[in-house]
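In what follows, every chain begins at residue 1, and chains take the letters A, B, ... in the order their sequences are listed.
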Amino acid sequence: MSRSIFALVDCNNFYASCERLFKPWLIGKPLVVLSNNDGCLISRSDEAKALGIPMGAPYFKIKPLIEASGVRVFSSNYPLYGNISERVQDLLEEICPRVEAYSIDEWFLSLPDFPETALETFARDLRVKILTSTGMPVSIGIGESKTLAKLANYLAKKTSETDGTLCLTTCNKKQSALEKTDLKYLWGIGSGSVQKLEKLEVRTAQNFYNLPPALVRKVLGVTGLRTHQELHGLPCLQLEDYPEDRKSVLVSRSFGSVVTKREELDEAVSVFSKLAAQKLHRGKMVCSTVSVFLRTNRHKPGDQQYRPNIVISLPTANRSTGEITKAALAGIKEIFKEGYHYKKAGLFLLDLQNEKLVQNSLFSPRDTKSENLSCALDLIDRDFGNAAIHYGTRDHYACWKMNQNLRSQSYTTQWSDLLQVKG
DNA sequence: ATCCTCCCCTAC
DNA sequence: TAAGGTAGGGGAGGAT
């Protein structure tokens with residue numbers, strides 16, 4: 001059996017590019033996208049990068065720079081990004097039989113071990129095809145392992161003469177790639193690993209590549225060793241064709257303003273419960289444990305800090321919005337204390353199982369009626385938007401809702417947001 | 001001896 | 001004034 005080759009297709013400045021898809025007047029203009037609650041900067045167009053706008057910075061800190069240089073700013077719009085992502089994925093699946101959706105803007109492909117020139121042609125053609133049929137600019141990296149495909153992709157993005165694609169399947173190209181790459185840009189090497197390797201005078205990918213495996217194992221553990229072997233062309237990570245069942249569901253938000261009252265938290269947590277139950281439903285999963293947490297503002301050391309959490313077992317594994325909400329509210333009742341400035345709350349669903357594998361408990365069979373109701377509510381939400389119908393009140397929404405003051409329209413997922421073309 | 005929990009690390 | 005959200009793996013060290 002011949003070896004297989006990995007390709008990584010990665011969208012360029014994905015969120016920023018999505019925003020621009022429906023706003024052609026922004027082509028060539030600098031723009032950025034903010035995280036939830038308009039907190040940090042999470043995507044920049046090339047023009048914004050060129051202006052020296054830093055990635056990940058808190059918005060309020062770089063607002064002066066942004067305003068001075070005329071950069072357009074958008075709150076994040078996940079329904080839009082998710083839909084554009086689906087379009088790219090559908091296209092990839094038409095072209096390639098083995099596709100792994102790695103993240104919202106990245107896909108690994110498994111390719112036959114063709115000669116380098118054939119792989120390069122494939123990558124260039126694919127890139128053009130995606131650009132012309134979805135409008136999304138991508139970069140494509142090719143290598144003998146996922147880690148090498150990642151490296152190729154990084155260099156394809158960074159280097160203008162690569163035309164957005166790079167193939168590292170030949171030895172000398174791989175060596176020159178390793179030489180010019182800083183250690184911290186390797187996939188799997190984060191800031192912690194960089195610090196440890198710094199002490200060994202290891203600074204480039206090439207330095208790391210040349211370390212003896214036993215030393216890598218000792219310093220970085222088995223995950224680091226895996227990265228090392230992958231760089232040497234020994235694939236340790238396989239293509240994950242079909243998605244694994246997820247192991248947990250998390251819904252959490254920072255609040256737009258300070259929350260102090262129990263009723264406000266109850267309302268927020270009810271909404272989180274509904275979102276969490278929807279995620280379970282869409283994955284055909286049930287859960288038997290709910291965990292709720294509250295957080296004060298860690299950026300205000302002057303404030304009295306309190307970050308409680310509580311774990312609640314459900315009598316039966318299920319995914320009813322009502323059951324999950326009830327458990328979550330019971331949890332809030334336990335951990336809530338007067339007098340704190342709450343900044344964030346969240347809900348974990350744990351002990352997830354695929355519904356097919358679940359046994360009915362003898363003493364408390366699953367409440368299928370309640371689950372059917374949740375299912376119906378979910379469908380209504382999908383057609384009419386997420387705030388269409390919900391448990392409990394919305395009287396306090398203004399207190400806890402996140403800031404999203406700069407959000408664009410959901411052009412492709414909400415009828416009310418369809419793009420208007422003037423005639 | 002094995003399990004469990006917490007914490008760290010990583011990625012996007 | 002203002003500082004994100006979601007998911008997973010591994011390892012240390014206590015609990016059983």
Are A/Arg124 and A/Asp163 close enough for a salt bridge, meaning some N to O gap below 4.0 Å?
-> no
Taken to the nearest whole Å, NE2/A/His299 to P/C/dA3 is 7 Å
Considering only NZ, NE, NH1 and NH2 on the basic side and carboxylate oxygens on the acidic side, decide whether A/Arg262 and A/Glu338 come within less than 4.0 Å.
-> no
Taking the side chain of A/Ser248 as its heavy atoms from C-beta onward, which of C/dG8, C/dA2, C/dG4 lies nearest to it?
-> C/dG8
Under 4.0 angstrom between A/Arg253 side-chain N/O and C/dT6 OP1 or OP2 = yes
Sidechain N-carboxylate O distance under 4.0 Å for A/Glu19, A/Lys23 = yes
Rounded off to whole Å, could you give me the CG-to-C1' distance for the A/Asn297 and C/dA2 pair?
-> 9 Å
Mind calculating the distance between CD (A/Gln404) and P (C/dG5) to the nearest angstrom?
-> 11 Å
In whole angstroms, how far is the P atom of C/dG5 from the CG atom of A/Leu275?
-> 13 Å
Close N/O contacts between protein and nucleotides 8-12 of chain B (under 3.5 Å):
unit_1: B/dT10; atom_1: OP1; unit_2: A/Gly190; atom_2: N; d: 3.2
unit_1: B/dT10; atom_1: OP1; unit_2: A/Ser193; atom_2: N; d: 2.9
unit_1: B/dT10; atom_1: OP1; unit_2: A/Ser193; atom_2: OG; d: 2.2
unit_1: B/dT10; atom_1: OP2; unit_2: A/Ser191; atom_2: N; d: 3.2
unit_1: B/dT10; atom_1: OP2; unit_2: A/Gly192; atom_2: N; d: 2.7
unit_1: B/dT10; atom_1: O5'; unit_2: A/Gly190; atom_2: N; d: 3.4
unit_1: B/dA11; atom_1: OP1; unit_2: A/Gly188; atom_2: N; d: 2.4
unit_1: B/dA11; atom_1: OP1; unit_2: A/Ile189; atom_2: N; d: 3.1
unit_1: B/dA11; atom_1: O3'; unit_2: A/Trp187; atom_2: NE1; d: 3.3
unit_1: B/dC12; atom_1: OP1; unit_2: A/Lys150; atom_2: NZ; d: 2.1
unit_1: B/dC12; atom_1: OP1; unit_2: A/Trp187; atom_2: NE1; d: 3.2
unit_1: B/dC12; atom_1: O3'; unit_2: A/Ser103; atom_2: OG; d: 3.1

Between P of C/dG4 and NZ of A/Lys61, the distance in whole Å = 11 Å
Is it true that a side-chain atom of A/Lys247 and a backbone atom of A/Leu352 form a donor plus acceptor pair closer than 3.5 Å?
-> no
Determine, for A/Asp125 against A/Lys129, whether the closest basic-nitrogen to carboxylate-oxygen distance falls under 4.0 angstrom.
-> no
Using atom CZ of A/Phe348 as one end and atom P of B/dT5 as the other, report the distance to the nearest whole Å.
-> 14 Å
Map A/Lys279 and A/Gly221 onto DNA chain C by nearest heavy atom, then report which one ends up closer to the 5' terminus.
-> A/Lys279
Tell me which nucleotide among C/dG4, C/dG9, C/dT6 gets nearest to the side chain of A/Lys247.
-> C/dG9
Report yes if at least one side-chain N or O of A/Arg226 is closer than 4.0 Å to OP1 or OP2 of C/dG10; otherwise report no.
-> yes
C/dA3 P sits how many Å from A/Met55 CE, rounded?
-> 18 Å
Is a side-chain N or O of A/Asp182 found less than 3.5 angstrom from the main chain of A/Thr204, in a donor-acceptor match?
-> no
Rounded to the nearest angstrom, tell me the gap between atom OH in A/Tyr15 and atom P in C/dG4.
-> 15 Å
Should A/Lys343 be listed as having a side-chain N or O under 4.0 Å from OP1 or OP2 of C/dG4?
-> no
Does OP1 or OP2 of C/dG4 have a side-chain N or O of A/Arg298 closer than 4.0 Å?
-> yes
Would you say A/Glu179's side chain and A/Gln206's backbone share a donor-acceptor pair under 3.5 angstrom?
-> no
Respond yes when some side-chain nitrogen or oxygen of A/Ser254 is under 4.0 Å from OP1 or OP2 of C/dG5, and no when none is.
-> yes
Please state whether the rings of A/Phe108 and A/Trp187 are parallel, tilted or perpendicular, taking 30° and 60° as the class boundaries.
-> tilted
If you look at every strand shown and take non-hydrogen atoms under 4.0 Å, does A/Lys344 touch a base, only sugar-phosphate, or nothing?
-> sugar-phosphate
Between A/Tyr78 and A/Thr223, which is nearer to the 5' end of DNA chain C once each is assigned its nearest nucleotide?
-> A/Tyr78
Where the side chain of A/Val222 is concerned, which of C/dG11, C/dT6, C/dA2 is the nearest nucleotide?
-> C/dG11
